[in-house]
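Just so we're on the same page: letters track the sequence lines, and every chain starts at 1. These numbers come from a predicted model, not from an experiment.
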Number of protein chains: 2
Amino acid sequence: MTLIESAKKGDITESIRTVAENESVDPQSLAEDIAKGLSVIPKNLFHDIAPVGIGRGLSTKINANIGTSKDKVSFDEEMKKLDICVKYGADAIMDLSTGGRTRDLRTMLMKRSPLCVGTVPIYEAVVRSAESHGSIAKMSVDDLFNVIEEHAKDGVDFVTVHAGLTMKAIESLKQEGRVLDIVSRGGAFLLEWMIFNERENPLYDNYDRLIELSRKYDLTLSLGDGLRPGCLEDATDRAQITELVVLGELQKIALENDVQVIIEGPGHVPIDQVELNIKIQKELCNGAPFYVLGPLVTDSGMGYDHISAAIGGTLAAAAGADFLCYVTPAEHIRLPDLDDVREGVVASKIAAHAADIAKGIPSAIERDRKMSRFRKNLDWEGQISMSFDPDKVRDYRAAVPPTEGDVCSMCGEFCAIRTVERALRPREK
Amino acid sequence: MTLIESAKKGDITESIRTVAENESVDPQSLAEDIAKGLSVIPKNLFHDIAPVGIGRGLSTKINANIGTSKDKVSFDEEMKKLDICVKYGADAIMDLSTGGRTRDLRTMLMKRSPLCVGTVPIYEAVVRSAESHGSIAKMSVDDLFNVIEEHAKDGVDFVTVHAGLTMKAIESLKQEGRVLDIVSRGGAFLLEWMIFNERENPLYDNYDRLIELSRKYDLTLSLGDGLRPGCLEDATDRAQITELVVLGELQKIALENDVQVIIEGPGHVPIDQVELNIKIQKELCNGAPFYVLGPLVTDSGMGYDHISAAIGGTLAAAAGADFLCYVTPAEHIRLPDLDDVREGVVASKIAAHAADIAKGIPSAIERDRKMSRFRKNLDWEGQISMSFDPDKVRDYRAAVPPTEGDVCSMCGEFCAIRTVERALRPREK
């Protein structure tokens, strides 16, 4: 039985109970939201992880993309990246490997990961097709579905499938005259396949097969946006929204068949269009959880795209996005290294946290309440314990230490907090 | 004659002409905005710098704080910090030194800086008072004003004066029961002085003297918010707004006397209160330029407060803030080093830039237009030239190089842009 089936019957499963407890929400309401497709708990029948909830009334979750590329293959480094994701508080990872023995790496990651794991199976299907047939376009529909089922069998919790990139959406793309037509890798692969073969998107054409497969493993579908804008000028255009309309239709079909769905979203979006993008997704996709990449609020942030994404991610989550895909400083430049992963996760945590304060998530507010009290008391260990990266804070403080231990080297003896205490509460001292 | 006097007479001074040209605005309108106090060009009569405009319809400007503390004094490092600020595009620096021979350092900075320079003279007055009288509270009013005049004589372009921290505001602070009463150093010094001496704020009580002095050197007053909130819980409270009301009154007096004014603002502010803070400032302070510190959208960002500030700064600037004070990763921990300054400036640039796109500033949009076209053409040198930190991007790319020179090591041969080009425009290739 899939989670939605149980939820529709009013059955409070262990996963629902655990998530409700962690989030301090009513398990009955959570079950109802899952039944309505407003929240999801992506968890493969064959993957033993602590369940994580994504959706209405829940804290904003973050995902970190890891994995090899043809230009850099190191299983050891990918395992370390996973450990960093866990340490710094990612809620999910996606393995986007395209280099080396990708299935072996995935098996290792699945075993090691205490976090929910997602993949984009078309990457592996394409890599295999390029290797065996010498071309992406020669991949057969069975090739693609075999890889998806392999991922499901391996215990993957959610898969990105760009099922909404239809012929009609591509027509809309061509008419639009975009600057950066398609920047989604999955979207680009499908486009090439569809044009070469003169056939409809195989994920759309065989959506029933995808549904059947998802039911079997209780696989969550993350409906990808192959037409996500790759620059601010392309944001919120007819091509993007044409695809989003289809994603909404597909979400409805999945829900009717008891398959959990997440909708993926942009991308590069100017700040004055971020809220609009969330609201239109919620309207068109029946309130399904929204998983955004960034969004990046400028095209020029190279080297600092984790910051552009944190800005957009905060706005998006505050407007209702449920799941943020991190962006690292390496975005648009290279495969991320360990430090990039750490910085990406922390930047994304800050975005989710700042938004959760606005969303009224109690645990978020509580963290800041504790931090400010530790700060008032000049309790440095307390402050460090509330930070998102205690190691960094400790190293920073040690590098330029204060002469007097209770202050910091920014103000030293002229610490405002100490001055005010002395002035306002002299007798208590 | 001060700039406002000229502007009131409809005189298009060289500064106004230069700023109007740089910003692609009409010089006549800029002069009118300066006459109305809606925009400023902080430039001391005795400081030879390229003028920079801050205010209505102009691009968002950023300031970087540098300077020594008692715990770390290195003139050499401070000069290097200045160079970094210039290199990465800060529009102004503030010298907040409290350690070592502060006047000597200021003189050196003033000579070297091509940027507009601000200071907080009370810091130096307090340091001297602590040294000569053994206490902050024993500083005389003349001591304070002598330091302010010294700064003006040295050519400082704008000074922060916490003139709105009145007895009444302190009363409001006490009634409020804040978590972190005062986190502004200047505010804390004044509070101690006022309580110890049982006297009104000397900057408020002698505001006419401040005006007279400012007229003499065409010094711009940056009216500081001594009661800026130090944590989210304290944001937008009666104490903060009580002070802001006074700042509005003081701005009006200065404007009537032809002295340019900037208003300073928070601080720590939850994202759902950022826009409100900008709008209330504009209403209460007659549309005067607003200079915000951050704002930080969480209290827990230690080690990554440049990111918290970039989030808040983007929101603030998009809502109408004109001038962003950078925050570095060292905030709340230690005196910033060279890397901190670089990261702080770039984060703040990104915030200003993302907001300027929403504000409709043509140069901001143009930068992203160029970047996305270079990206489409896989023109790496072009992309690097449009980034905010070309050195970092170049180093990043070199560290994990792609096998094929026209792509990057994230996707390698599976580059989406190349795939799409191949599929959509095969004959052109």
| request: Specify which of A:Gly67, A:Ala351, A:Pro329 makes the most heavy-atom pairs with chain B at under 4.5 Å. | output: A:Pro329
Please list every donor-acceptor pair under 3.5 Å in which a side-chain atom of residues 331-338 of chain A meets a protein atom from a residue at least two apart or in another chain.
residue: A:His332; atom: ND1; partner: A:Asp305; partner atom: OD2; Å: 2.7
residue: A:His332; atom: NE2; partner: A:His268; partner atom: NE2; Å: 3.4
residue: A:Arg334; atom: NE; partner: A:Asp340; partner atom: OD2; Å: 3.4
residue: A:Arg334; atom: NH1; partner: B:Tyr396; partner atom: O; Å: 3.2
residue: A:Arg334; atom: NH2; partner: A:Asp337; partner atom: OD2; Å: 3.0
residue: A:Arg334; atom: NH2; partner: A:Asp340; partner atom: OD2; Å: 2.7
residue: A:Asp337; atom: OD1; partner: A:Asp339; partner atom: N; Å: 3.1
residue: A:Asp337; atom: OD1; partner: A:Asp340; partner atom: N; Å: 2.9

| remark: chain A shares the most heavy-atom pairs under 4.5 Å, among B:Pro401, B:Ser308, B:Pro270, B:Ala330, with B:Ala330
| field | chain B contact via A:Ser184 - which portion, at a heavy-atom distance below 4.5 Å | value | backbone
| task | Sort B:Val420 into side chain, backbone, both or neither according to what part of it lies under 4.5 angstrom from a heavy atom of chain A. | result | both
| field | Under 4.5 Å from a heavy atom of chain A, the part of B:Ile136 involved | value | side chain
| Which region of A:Val179, side chain (C-beta onward) or backbone (N, CA, C, O), has a non-hydrogen atom less than 4.5 Å from a non-hydrogen atom of chain B, or is it both or neither? | both
| request: Begin from the C-alpha positions of B:Leu315 and A:Leu315 and carry the test side-chain contact (heavy atoms from CB on, under 4.5 Å) through to its verdict. | output: CA-CA 9 Å; B:Leu315 285 171; A:Leu315 285 171; 3.1 Å; yes
| A:Asp181/B:Lys376 salt bridge by N-O under 4.0 Å criterion | yes
| query | OG1 of A:Thr419 to CD1 of B:Ile182: how many Å apart, nearest 0.5 Å? | reply | 10.0 Å
| Euclidean distance, B:Asp299 CG relative to A:Ser387 OG, rounded to 0.5 Å | 13.0 Å
| message | For B:Glu77, I'd like to know if atom CD has over 12 heavy atoms of other residues, nucleotides or ligands within 6.0 Å. | response | yes
| A:Lys349 NZ to B:Thr298 OG1 distance, which is reported to the nearest 0.5 Å | 11.5 Å
| query | Of the listed residues (A:Val346, A:Asp234, A:Val407), which shares the most heavy-atom pairs with chain B below a 4.5 Å separation? | reply | A:Val346
| query | With chain A, which of B:Cys231, B:Pro390, B:Pro402 has the greatest number of heavy-atom pairs at distances under 4.5 Å? | reply | B:Pro402
| Where on A:Trp193 is there a heavy atom nearer than 4.5 Å to chain B: the side chain, the backbone, both, or neither? | neither
| field | Side-chain heavy-atom pair A:Met302, B:Phe388 within 4.5 angstrom cut-off | value | no
| query | Tell me, side chain or backbone of A:Gln383 under 4.5 Å from chain B's heavy atoms, or both, or neither? | reply | both
| query | Going by heavy atoms in the side chains, are A:Phe189 and B:Phe414 under 4.5 Å from each other? | reply | yes
| said: To the nearest 0.5 Å, what is the distance between CD1 on B:Ile350 and OG on A:Ser300? | reply: 9.0 Å
| said: At a 4.5 Å cut-off on heavy atoms, which part of A:Met410 comes close to chain B: side chain, backbone, both, or neither? | reply: both
| If you count heavy-atom pairs under 4.5 Å between each of A:Leu296, A:Thr98, A:Ile170, A:Val400 and chain B, which one has the most? | A:Val400
| field | Under 4.5 Å from any heavy atom of chain A - which part of B:Ile195 | value | side chain
| request: Starting at CD1 of A:Ile307, measure out to CD1 of B:Ile311 and round the result to the nearest 0.5 Å. | output: 9.0 Å
| note | Of B:Ile417, B:Ile384, B:Leu191, the largest count of non-hydrogen pairs under 4.5 angstrom with chain A goes to B:Leu191
| Picking from B:Met386, B:Glu413, B:Arg373, which has the most non-hydrogen pairs under 4.5 angstrom with chain A? | B:Arg373
| note | One option among A:Ile365, A:Asp272, A:Asp395 has the most heavy-atom pairs under 4.5 Å with chain B, and it is A:Asp272
| field | chain B contact via A:Arg375 - side chain, backbone, both or neither, heavy atoms under 4.5 Å | value | both
| note | Heaviest contributor of heavy-atom pairs below 4.5 Å to chain A, chosen from B:Glu233, B:His306, B:Lys72, B:Lys70, is B:Glu233
| message | Could you tell me if the side chain of A:Leu424 sits less than 4.5 Å from the side chain of B:Lys174, heavy atoms only? | response | yes
| task | Name the option with the most non-hydrogen atom pairs under 4.5 Å to chain A; the candidates are B:Ser409, B:Ala137, B:Ala188. | result | B:Ser409
| field | Side chain, backbone, both or neither of B:Arg369 within contact of chain A (heavy atoms, under 4.5 Å) | value | both
| request: May I ask you to test the A:Leu232-B:Ile357 pair for a side-chain heavy-atom distance under 4.5 Å? | output: yes
| Shortest non-hydrogen contact from A:Ile271 toward B:Ala355 | CD1-CA, 4.0 Å
| message | Under 4.5 Å from any heavy atom of chain A, what part of B:Leu180 do you find: side chain, backbone, both or neither? | response | both
| Under a 4.5 Å heavy-atom cutoff, which of A:Ala318, A:Ala347, A:Gly187, A:Ala354 has the most pairs with chain B? | A:Ala354
| remark: So the salt bridge (Lys or Arg N to Asp or Glu O under 4.0 Å) pairs with at least one residue in residues 185-197 of chain B (sequence neighbours excluded) are A:Arg422-B:Glu192
